[in-house]
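So the structure is just underneath, and the comments pick up after that.
Throughout, a chain's letter reflects where its sequence line sits, starting with A, and its residues are numbered from 1.
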Protein chains: 2
Amino acid sequence: MARRPTVTSVQIAREAGVAQSTVSRVLNGGSVAPETKRRVLEVVAKYDFQPSQAARSLVGARSGLIGVVIRDLTNPFYPVMVKAVERVLHERGLRLSLVTDVMSAEEGLALLRREGVDGVVFTSALEGEPLAHRTTDHGIPVVLCHRTLEGFPADQVEADNVTAGELAARHLLGLGHRRIAMVRGVAGASTAQQRGLAFRREVGGAGGVTLTEIDGAYDYSTAYEAVRTLLASSEPPTALFCHNDVMAYAALNAAAAAGVPVPAELSVVGCDDVSLSAWERIDLTTVRQPLERIAQVGVELLLDRLDDPDLPHRHEVLPVEFVERSTTAPPA
Amino acid sequence: MARRPTVTSVQIAREAGVAQSTVSRVLNGGSVAPETKRRVLEVVAKYDFQPSQAARSLVGARSGLIGVVIRDLTNPFYPVMVKAVERVLHERGLRLSLVTDVMSAEEGLALLRREGVDGVVFTSALEGEPLAHRTTDHGIPVVLCHRTLEGFPADQVEADNVTAGELAARHLLGLGHRRIAMVRGVAGASTAQQRGLAFRREVGGAGGVTLTEIDGAYDYSTAYEAVRTLLASSEPPTALFCHNDVMAYAALNAAAAAGVPVPAELSVVGCDDVSLSAWERIDLTTVRQPLERIAQVGVELLLDRLDDPDLPHRHEVLPVEFVERSTTAPPA
DNA sequence: CTGAAAGCGCTTACAG
DNA sequence: CTGAAAGCGCTTACAG
């Protein structure tokens with residue numbers, strides 16, 4: 001297919017009566033005489049000239065592209081994250097290159113390398129999955145955002161998931177629950193590990209409490225099935241802590257399907273506080289994570305590192321907040 | 001910032017003992033002797049060589065990038081669309097460049113031009129907003145997907161929104177409602193126009209029915225406020241047709257907040273059938289749009305056009321389906 | 001089948 | 001302050 005004719009800096013230069021390099025300098029802020037600058041900008045405006053990103057990134061320096069790895073876009077958690085990331089990048093004149101689960105991690109990395117991204121924001125890092133490591137091996141700066149990896153040599157930001165697990169446990173214990181279940185997130189995710197460990201520890205410390213654990217994989221359908229089975233058991237729990245809000249929604253719906261009234265016979269606590277959770281029809285008790293702030297800090301850590309690769313690695317932990325709504329109550 | 005060392009085709013060529021152009025031919029499928037090919041691929045594998053997209057798109061032909069304009073990612077409708085679009089593009093070895101509402105339409109177009117996208121999928125086209133026109137003016141192939149523009153010289157795909165409006169109207173009229181309200185989507189959106197017109201016509205034809213119209217802008221908060229006000233009026237409607245599911249959720253929640261039982265005192269019909277609508281806690285009566293199919297057909301129309309720019313414009317209208325759930329009932 | 005060469009549209013030293 | 005020139009990493013005719 002033939003390339004359609006596009007205005008180039010050479011043509012701008014010719015029409016403005018200057019050298020092509022002068023056009024470049026005008027656009028990138030080199031020293032140019034005011035009158036020359038005016039003349040060039042006039043021609044630039046006339047054609048609404050847009051310099052080719054391909055040429056620009058080929059010639060060196062930076063591509064202006066930041067890879068953003070978000071596996072499951074359909075979890076309502078992530079679009080908020082994309083938006084926050086995109087906002088910060090846009091303020092700095094950068095573009096985002098999205099990698100989702102339509103491709104394998106392997107393919108994603110290959111693409112990011114071909115595109116020559118300046119750095120990568122990982123939001124879905126998994127223990128034992130070497131993608132983040134392989135990315136740094138290629139010399140690409142990385143930030144772990146939301147989910148972290150212990151001892152990983154890069155900047156990291158996450159919510160205080162330990163406190164999140166504790167707050168959930170204390171709330172349910174405080175209401176008097178003694179038969180509790182935990183719907184776990186993806187096994188290799190730091191969020192699930194930290195929330196799980198803290199919740200388990202706190203519940204174990206209480207004594208005389210039964211804790212059942214089931215896998216929800218941070219996924220609606222998986223959690224729905226798991227909770228359905230759980231509720232059908234001979235001695236179902238009176239309270240549920242779900243490692244994220246989406247699984248809590250699944251629990252609420254599975255309970256509704258099973259005719260188990262919430263919170264009368266089943267209390268449900270989530271984690272995230274996605275906007276849906278505040279809906280009257282849902283009104284989920286949950287632990288709020290500063291989602292947009294996590295995204296923002298993540299991008300900023302990465303951009304700081306691009307400016308200065310020798311900065312020591314930083315690891316930020318942002319505070320969470322318990323949000324009591326109407327899905328929890330004392331056991332019947 | 002210094003460019004980190006990356007393996008290039010020149011180095012691959014040197015190590016394989018061939019010319020750089022031979023490496024290129026091996027990778028792009030030119031005629032190469034089997035033994036030569038084997039040797040080159042071996043070195044390519046050894047370094048996991050990834051050819052620079054910047055260089056590739058600079059030198060001509062295509063950039064392999066498709067722009068996708070989706071304004072509101074937080075409407076759960078759109079992530080599904082992104083996913084479907086991305087899946088098809090990925091199958092064809094293409095990448096997506098996302099434009100959302102973090103930037104103005106103007107800025108979005110400038111970016112797409114700089115990136116040299118091969119084509120653009122518009123999902124949020126608006127009457128009177130010249131972005132799609134300006135894109136085609138730049139010679140960039142365009143497809144209008146989901147929302148269309150009357151007489152626009154490009155391929156278009158949409159759901160049968162006229163039938164959607166009719167089905168919603170007939171359902172509510174059939175239940176016996178005589179005081180009905182319609183929560184409209186964004187004024188310039190074809191979806192809102194078509195659904196609105198059809199619903200209005202059908203209701204008008206029934207006779208003796210009061211139809212109130214309010215603006216919801218396809219936005220949760222806007223619709224929530226509008227419905228709240230409506231329900232507080234002296235003679236509130238007994239049924240609501242919302243131009244999309246998100247506004248229907250807002251209506252359900254506003255009704256809950258106002259203590260108006262659904263469907264006993266208020267019936268609510270949405271449009272889209274996003275996955276949330278099937279949740280037990282929501283269980284929304286709505287009109288299903290073949291969302292993924294719309295995305296898929298849209299991308300395919302665009303890709304066909306890239307292969308053959310002289311194809312006549314096609315305009316596909318995909319069937320909708322009424323989905324009766326529990327938010328509608330006869331008036332009290 | 002294979003190599004040498006041109007050129008895509010820029011940025012960046014380097015002269016002047 | 002400004003221009004001429006090199007070069008980024010590829011693809012694509014063009015020879016042989």
Atom [atom1] of [X] to atom [atom2] of [N]: distance rounded to whole Å?
X	N	atom1	atom2	value
A:Arg25	C:dA13	CZ	C1'	10 Å
A:Arg39	D:dG3	CZ	C1'	14 Å
A:Gln50	C:dC10	CD	C1'	14 Å
B:Arg113	C:dG9	CZ	P	14 Å
A:Glu35	D:dT2	CD	C1'	14 Å
A:Arg14	C:dG9	CZ	P	11 Å
A:Asn28	C:dG9	CG	P	17 Å
A:Leu58	D:dA6	CG	P	17 Å

Base, sugar-phosphate, or nothing for [X], non-hydrogen atoms under 4.0 angstrom?
X	result
B:Val23	nothing
A:Thr8	sugar-phosphate
B:Gln20	base
B:Ser24	base
A:Ser52	sugar-phosphate

Between the base of D:dG9 and the side chain of A:Arg114, is there a donor and acceptor pair under 3.5 angstrom? no

Partner nucleotide of D:dA4 by Watson-Crick or wobble geometry (both distances under 3.5 Å): none

Does C:dA13 pair with anything, Watson-Crick or G-U wobble, both distances under 3.5 Å, and if so, with which nucleotide? none

Derivation of the side chain to side chain contact (heavy atoms under 4.5 Å, CB included) call for A:Val82 and B:Leu73: CA-CA 9 Å; A:Val82 173; B:Leu73 258 191; 3.8 Å; yes

Should B:Ser21 be listed as having a side-chain N or O under 4.0 Å from OP1 or OP2 of D:dT12? no

Looking at D:dC1, I'd like to know if its phosphate oxygens (OP1 or OP2) sit under 4.0 Å from a side-chain N or O belonging to A:Ser31. yes

By nearest atom, which of the nucleotides [options] is closest to the [X] side chain?
X	options	value
B:Ala33	D:dC10, D:dT2, C:dC1	C:dC1
B:Thr22	D:dG3, D:dT11, C:dT2	C:dT2
B:Val59	C:dT2, D:dG9, C:dC10	D:dG9
A:Val18	C:dT11, D:dG3, C:dG3	D:dG3
A:Ala19	D:dT12, C:dT2, D:dG3	D:dG3

Is there a side-chain contact between B:Thr74 and A:Lys83, using heavy atoms and a 4.5 Å cut-off? yes

Ionic contact status for B:Asp48 with A:Arg134, cut-off 4.0 Å: yes

List the steps, then state whether ring pair (Phe, Tyr, Trp, His ring centres under 6.0 Å) holds for B:Phe152 with B:His313. CA-CA 10 Å; B:Phe152 188 79; B:His313 292 141; 8.3 Å; no

Rounded distance [0.5 Å steps], CZ in B:Arg305 versus CG in B:Leu301: 8.5 Å

Classify the angle between the aromatic ring planes of A:Phe77 and A:His146 as parallel (below 30°), tilted (30 to 60°) or perpendicular (above 60°). tilted

